[in-house]
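Scroll down for the structure; my scribbles are underneath it.
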Amino acid sequence: MATNVKIDKDEKGKSVDESKYRGMIGSLLYLTASRPDILHAVCLCARFQSNPKESHMSAVKRIFRYLKGTIQYGLFYPKNENFSLKGYSDSDYAGNIDDRKSTSGSCQFLGDCLVSWFSKKQNCVSLSTAEAEYISAAFCCTQLLWMKQTLADYKCSFENVPIFCDNVSAINIAQNPVHHNRTKHIEIRHHFLRDCVSKRKIEISFVPSQDQLADIFTKPLTSETFASIRARLGIMHIE
């Protein structure tokens with residue numbers, strides 16, 4: 001996605017064929033199962049399937065052009081002894097122009113291998129960056145807990161699974177068992193993250209923004225940053 005363009009409903013724009021647009025989005029959504037680098041762009045374009053405009057079609061065609069140029073790229077899973085479980089969570093605060101909702105993004109690794117990823121618009125409007133990051137970390141926590149339970153069937157146990165977040169305030173909220181006046185408006189269901197941290201099921205840690213791999217699932221990035229994170233996710237040219 002272009003970093004200098006914000007996609008919205010574009011109500012004054014020229015409409016395009018709705019069935020064709022939905023077909024293109026459906027094909028791209030199928031492809032996100034093996035190409036996580038296009039997930040955010042595809043999910044963003046998928047929000048406008050009810051009344052697509054030319055601006056939305058142009059964004060979709062841009063994704064296809066990118067895929068044509070990287071057709072030999074795919075996920076690479078190296079063989080190694082590292083079998084640790086970890087997750088990265090991030091958010092794009094108030095990134096949606098139409099309703100000012102934030103976008104959550106996270107990815108989970110088993111060793112050095114990317115095994116799970118998602119990008120989703122949050123259901124509520126966050127009042128601060130810390131709240132948006134806290135909600136995103138809670139989504140990541142649910143996925144990691146499910147993965148822990150699944151791996152337990154294969155006699156693999158994990159304690160204090162790390163979630164890497166680049167917002168210090170969100171980390172403090174998760175680690176502080178006392179309800180603060182500035183956090184009492186956050187929906188109770190998101191506070192189970194705090195409970196998991198206190199029970200040492202999850203450990204939330206700080207990571208610098210330049211090392212935040214979940215950035216690629218929340219917002220458009222510059223070509224250099226995008227290529228760097230893509231490589232660190234294990235998406236590379238495969239002969």
Side-chain angles (χ1 to χ4, degrees), residues 1-18 20-22 24-29 31-32 35-71 73 88-107 117-122 124-133 135-136 139 165-167 170 207-233 235-237:
M1 302 290 294
T3 56
N4 59 347
V5 177
K6 289 285 188 179
I7 299 180
D8 57 8
K9 290 182 178 180
D10 192 15
E11 296 178 348
K12 296 182 180 180
K14 184 179 180 181
S15 299
V16 296
D17 186 1
E18 190 171 305
K20 180 180 179 181
Y21 185 85
R22 289 183 175 181
M24 296 170 73
I25 291 295
S27 299
L28 290 172
L29 285 171
L31 194 58
T32 58
R35 290 293 299 269
D37 50 330
I38 66 170
L39 180 63
H40 169 66
V42 174
C43 290
L44 182 58
C45 293
R47 299 173 187 174
F48 308 103
Q49 295 183 74
S50 61
N51 188 19
K53 305 294 184 180
E54 284 185 342
S55 59
H56 307 140
M57 182 64 79
S58 297
V60 172
K61 289 181 178 178
R62 181 188 177 99
I63 301 173
F64 277 103
R65 289 196 299 270
Y66 166 74
L67 289 171
K68 184 178 179 180
T70 58
I71 196 168
Y73 278 63
Y88 291 82
S89 74
D90 192 31
S91 71
D92 180 27
Y93 175 60
N96 190 288
I97 297 178
D98 298 313
D99 55 16
R100 308 311 295 176
K101 291 182 179 179
S102 305
T103 300
S104 292
S106 82
C107 55
W117 54 90
F118 79 85
S119 176
K120 181 182 178 182
K121 185 171 73 170
Q122 295 180 2
C124 56
V125 178
S126 300
L127 301 183
S128 65
T129 305
E131 181 181 349
E133 295 276 359
I135 293 174
S136 182
F139 283 135
C165 175
D166 59 3
N167 187 279
V207 64
S209 296
Q210 62 268 22
D211 295 326
Q212 178 55 271
L213 302 185
D215 256 355
I216 199 172
F217 303 112
T218 60
K219 61 180 77 69
L221 303 172
T222 62
S223 57
E224 295 80 7
T225 305
F226 182 87
S228 174
I229 295 179
R230 181 182 63 187
R232 295 177 67 182
L233 291 177
I235 306 168
M236 57 186 65
H237 188 278

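All residue numbers in this chain count up from 1 along the given sequence.
Other residues, nucleotides and ligands contribute more than 12 heavy atoms inside 6.0 Å of the CD atom of Gln210. Heavy atoms of other residues, nucleotides or ligands lying less than 6.0 angstrom from CD1 of Ile71 number 12 at most. More than 12 heavy atoms of other residues, nucleotides or ligands lie within 6.0 Å of NZ in Lys219, so this atom counts as buried by the packing criterion.
Inter-residue side-chain proximity for Ile25 and Val60 is flagged as met; some heavy-atom pair is nearer than 4.5 Å. Side-chain atoms of Ile135 and Cys124, non-hydrogen and from C-beta on, do get closer than 4.5 Å to each other. Inter-residue side-chain proximity for Arg232 and Asp211 is flagged as met; some heavy-atom pair is nearer than 4.5 Å. Side-chain atoms of Cys43 and Phe118, non-hydrogen and from C-beta on, never get closer than 4.5 Å to each other. Within the 4.5 Å cutoff, the side chain of Leu28 has heavy atoms near those of the Leu67 side chain. Within the 4.5 Å cutoff, side-chain heavy atoms of Arg35 are placed close to those of Tyr73. No side-chain heavy atom of Asp37 sits less than 4.5 Å from a side-chain heavy atom of Leu233. Looking at Asp215 and Thr225, their side chains never come closer than 4.5 Å, going by heavy atoms from C-beta outward.
Looking at every heavy atom in both residues, Gln49 comes nearest to Glu18 through O-CG, 3.4 Å. In plain terms, the two heavy atoms of Ser209 and Asp166 that are nearest each other are OG-OD2, 3.7 Å. Closest heavy-atom contact between Ala2 and Pro220: O-CB, 3.8 Å. Pairing each heavy atom of Ile7 with each of Ala59, the nearest pair is CD1-CB, 3.6 Å. Taking all atoms of both residues into account, the shortest heavy-atom contact from Gly105 to Ala214 is O-CB, 3.7 Å. Closest non-hydrogen pair, Ile216 versus Arg230, comes out as CD1-N, 4.3 Å.
Of the possible donor and acceptor atoms, one in the side chain of Gln122 sits under 3.5 Å from a partner among the backbone N and O of Ala132. In this structure, Gln212 contributes its side chain and Ser89 its backbone to a donor-acceptor pair below 3.5 Å. Side-chain atoms of Ser102 come within 3.5 Å of backbone atoms of Ala94 as a donor-acceptor pair (strictly under, hydrogens ignored). A donor-acceptor pair under 3.5 Å links the side-chain atoms of Ser119 to the main chain of Phe217, judged by distance alone. Side chain of His56 to main chain of Asp8: a donor-acceptor pair is present (N/O by atom type, distance under 3.5 Å, no hydrogens or angles). At distances below 3.5 Å, not a single donor-acceptor pair connects side-chain atoms of Ser228 with backbone N or O atoms of Glu224. A donor-acceptor contact shorter than 3.5 Å is absent between the side chain of Glu133 and the backbone of Ala130.
From Glu54, atom CD reaches atom CG of Asp10 across 9.0 Å, with rounding to the nearest 0.5 Å. Rounded to the nearest 0.5 Å, atoms OG (Ser27) and CZ (Arg22) are 14.0 Å apart.
There is a side-chain donor-acceptor pair under 3.5 Å between Ser15 and Lys53.
For residues 92-106, every residue pair satisfying the salt bridge (Lys or Arg N to Asp or Glu O under 4.0 Å) rule, not counting sequence neighbours, is listed here: Asp99-Lys121.
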